[in-house]
Amino acid sequence: MGTSAGPLRIGVLLPTREQAINGAFAAAPLLDFARQAEDLGFDSLWAGDSLTARPRLDPLVVLSAAGAVTSRVTLGTAALTPALRHPLIGANMISSLDHVCASRLTLGLGSGFPMPETEEEFAAVGAAFAGRAGRLDDIVALWRRAWSASGPGAETGYEGRYWQAQGLDRLPRPHRRGGPPLWLAGSDTPRVLERVARHYDGWLPFLPDADAYGRAWQRISELAAAAGRPPQALTPALYATITVDDDADSARAELEHYISHYYGAPLEQMARFQAYAWGSAGQCAQALAAYVRSGARHLVIRIGSLEPQAQLKQIADVLLPRLKESVL
C-alpha cells in the first residue's frame with residue numbers, strides 16, 4: 001500500500017467523555033490513567049474535544065496536566081475542534097502546552113461532525129458552521145504563520161479567506177520549532193485526501209474497512225509526492241474503538257452499552273462508518289493488524305467501556321506486542 005512513515009506507535013484515549021457520561025468529573029483519575037498508560041508502554045495519550053455537543057473536560061487543560069506527570073509519551077488531541085476557540089487564543093494555548101510537554105505534542109484536528117448538536121455547539125460560541133472545512137484549513141495556516149513569525153524577514157501578519165491577524169510575532173513561540181504536527185481527522189473522501197496530502201502532517205480517520213484505509217493512504221501518498229512532499233512528511237494514523245473481554249458476547253454487550261451512552265445510537269449504526277473491534281485482546285489485535293498491513297503507523301485506541309482503566313493492562317500486555325511484532 002502507500003508509503004508508511006516509521007515504526008508502529010500505539011496510544012490510548014484518556015476517558016474524559018466517559019467521566020462526563022458517568023457524572024464523575026475529576027482530574028486525579030485521569031492523571032492516574034496517564035501515568036499507568038505510560039508505565040505499561042503505550043506510546044501516546046489522547047483527549048477528545050467538545051463543549052456542549054458531547055461535553056467533557058477541556059483537552060488542552062487535561063493534556064497539560066498529563067504532560068506534567070509523564071515524561072515519555074506523546075500527548076495529542078483526537079480530535080480538537082479549532083473553531084470552538086478564537087484562533088489566536090488557540091495558538092497561544094497550544095504553544096503553552098507544547099512548552100509544558102517539551103515538544104511531545106501532536107494535534108488531531110476536526111472541522112466538526114455534521115450533526116445537529118455540533119451545529120448548536122458552533123452557534124453557542126458564535127462560530128459559523130457553513131464552510132467549516134475551509135475555516136479549519138484557514139486556522140491551521142494562521143497558526144503556522146504565528147508559530148514561525150520570528151526572525152529576520154518573517155511575516156508577522158496573516159490574510160486568509162476567513163481570518164486576518166497582525167502582530168503575530170508577539171505571540172509566544174512553541175517549544176518545537178514551527179509548532180506541533182497537525183493531523184487532519186477526516187474520512188476518505190477525495191477532498192479530505194487532497195487536504196491531508198497538501199496541508200497536514202498526518203491523517204487520522206476512523207474508517208471501518210482496512211482495505212479502504214489502504215486505498216486511501218495510497219492515494220494520499222501519491223498526492224503528497226505530486227506536491228513535492230517527502231514520504232516521511234505524513235503520518236498514517238487510525239482512531240479505533242475496542243472492547244476487550246475473553247467472552248466475545250460479553251465484550252459486544254459492553255461495547256453496545258458504551259456506544260448507546262456515548263452517541264445515543266446502536267453499535268450497528270455507528271459501525272457503518274467507525275472502526276470497532278471486540279473480544280479477546282488477541283482478537284482485537286488481529287482486527288487492528290489489518291490496518292497496520294494497510295499502512296497505519298499510529299493507532300489511537302479508544303477503550304469501549306465506561307470503566308476503561310480495567311482493560312488497560314490486558315491491552316498493553318497482549319495487544320501492544322502482537323501489533324508491534326506484525327511490522328517487524
Side-chain angles (χ1 to χ4, degrees), residues 11-40 42 44-70 73 75-81 84 108 110 112-113 115-118 120-121 124 185 206 239-271 274-279 281 284 299-316 319:
V12 64
L13 202 71
L14 290 165
T16 54
R17 178 60 183 150
E18 290 76 3
Q19 280 195 349
I21 294 170
N22 289 329
F25 292 109
L30 296 174
L31 302 187
D32 288 342
F33 190 103
R35 292 187 194 95
Q36 184 181 2
E38 182 172 65
D39 290 344
L40 287 171
F42 285 91
S44 54
L45 290 165
W46 302 81
D49 183 30
S50 184
L51 189 62
T52 60
R54 296 193 183 95
R56 68 196 76 193
L57 296 179
D58 182 272
L60 301 181
V61 174
V62 169
L63 291 174
S64 185
V69 301
T70 58
V73 289
L75 303 173
T77 55
L80 185 75
T81 308
L84 298 181
F113 197 72
M115 55 184 291
E117 293 88 344
T118 310
E120 292 168 6
E121 182 175 63
F206 44 48
Y239 183 108
T241 304
I242 67 172
T243 303
V244 172
D245 191 307
D246 288 338
D247 183 322
D249 290 338
S250 295
R252 181 178 176 114
E254 183 171 10
L255 181 57
E256 284 273 14
H257 178 264
Y258 175 78
I259 294 303
S260 67
H261 283 77
Y262 199 107
Y263 294 109
L267 174 61
E268 183 180 5
Q269 177 181 332
M270 299 305 298
Q274 288 189 345
Y276 291 97
W278 61 87
C284 291
L299 306 183
V300 178
I301 293 175
R302 178 176 62 171
I303 301 175
S305 170
L306 294 182
E307 301 294 337
Q309 197 158 359
Q311 299 180 29
L312 200 58
K313 188 175 189 306
Q314 189 175 8
I315 292 170
L319 185 140

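Along the sequence shown, residues carry numbers from 1.
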- All pairs passing salt bridge (Lys or Arg N to Asp or Glu O under 4.0 Å) where residues 15-26 contributes a residue, at least two apart: none
Side-chain polar contacts of residues 248-255 - donor-acceptor pairs under 3.5 angstrom, sequence neighbours left out - could you list them?
from, atom 1, to, atom 2, distance (Å)
Arg252, NH2, Glu256, OE2, 3.4
Glu254, OE2, Ser305, OG, 2.6

- Supply the atom-to-atom distance Phe42 CZ to Thr70 OG1, rounded to the nearest 0.5 angstrom. 14.0 Å
- Message: On a heavy-atom basis, which atom in Phe206 and which in Tyr239 lie closest, and how many Å separate them?
- Response: CB-O, 3.2 Å
- Message: For the backbone of Gly112 and the side chain of Thr118, can you confirm whether one donor and one acceptor N or O come within less than 3.5 Å of each other?
- Response: no
- With sequence neighbours left out, the residues meeting ring pair (Phe, Tyr, Trp, His ring centres under 6.0 Å) with Trp46 are Trp183, His298
- For Tyr258, what residues pass the ring pair (Phe, Tyr, Trp, His ring centres under 6.0 Å) criterion, not counting sequence neighbours? Tyr262
- Distance col, row His261:NE2 vs Asn22:CG, nearest 0.5 angstrom, shows 8.5 Å
- Query: Given side chains that start at C-beta, do those of Tyr263 and Met115 come closer than 4.5 Å, heavy atoms only?
  - Reply: no
- Message: Within this structure, what is the CD1-CD1 distance for the pair Ile315 and Ile301, rounded to the nearest 0.5 Å?
- Response: 6.0 Å
- Shortest non-hydrogen separation from Gly76 to Leu63 and the atoms involved: O-CD1, 3.2 Å
- Task: Measure across Cys284 and Val244 and return the closest heavy-atom pair with its distance rounded to 0.1 Å.
- Result: SG-CG2, 4.1 Å
- Query: Under the 3.5 angstrom rule, does the side chain of Gln311 hit a backbone N or O of Thr243 as a donor-acceptor pair?
  - Reply: no
- Message: Nearest 0.5 angstrom please: Glu120 CD to Leu51 CG, how far?
- Response: 12.5 Å
- State the CG-CD distance between Leu57 and Gln19, to the nearest 0.5 angstrom. 6.0 Å
- Residue pairs involving residues 24-35 (criterion side chain to side chain donor-acceptor pair (under 3.5 Å); sequence neighbours excluded): Asp32-Arg35
- Nearest heavy atoms of Pro55 and Ala20, plus distance in Å: O-CB, 3.2 Å
- Query: Do Thr77 side-chain atoms and Ala47 backbone N/O form a donor-acceptor pair below 3.5 Å?
  - Reply: no
- Do you know which two heavy atoms are closest between Pro59 and Asp49, and how far apart they sit? CD-OD1, 3.5 Å
- Message: Can you pull out every salt bridge (Lys or Arg N to Asp or Glu O under 4.0 Å) where at least one residue sits in residues 301-316? Sequence neighbours excluded, please.
- Response: Lys313-Asp317
- What's the verdict on side-chain contact (heavy atoms from CB on, under 4.5 Å) for Gln314 and Asp246, showing C-alpha distance, side-chain angles and the deciding distance? CA-CA 11 Å; Gln314 189 175 8; Asp246 288 338; 3.6 Å; yes
- If you take all heavy atoms of Val12 and Ala37, which pair is closest and at what distance? CG1-CB, 4.0 Å
- Message: So Glu121 and Leu84, do their side chains get closer than 4.5 Å, heavy atoms only?
- Response: yes
- If you measure from CG on Asp58 to OG on Ser50, what distance do you get to the nearest 0.5 Å? 11.0 Å
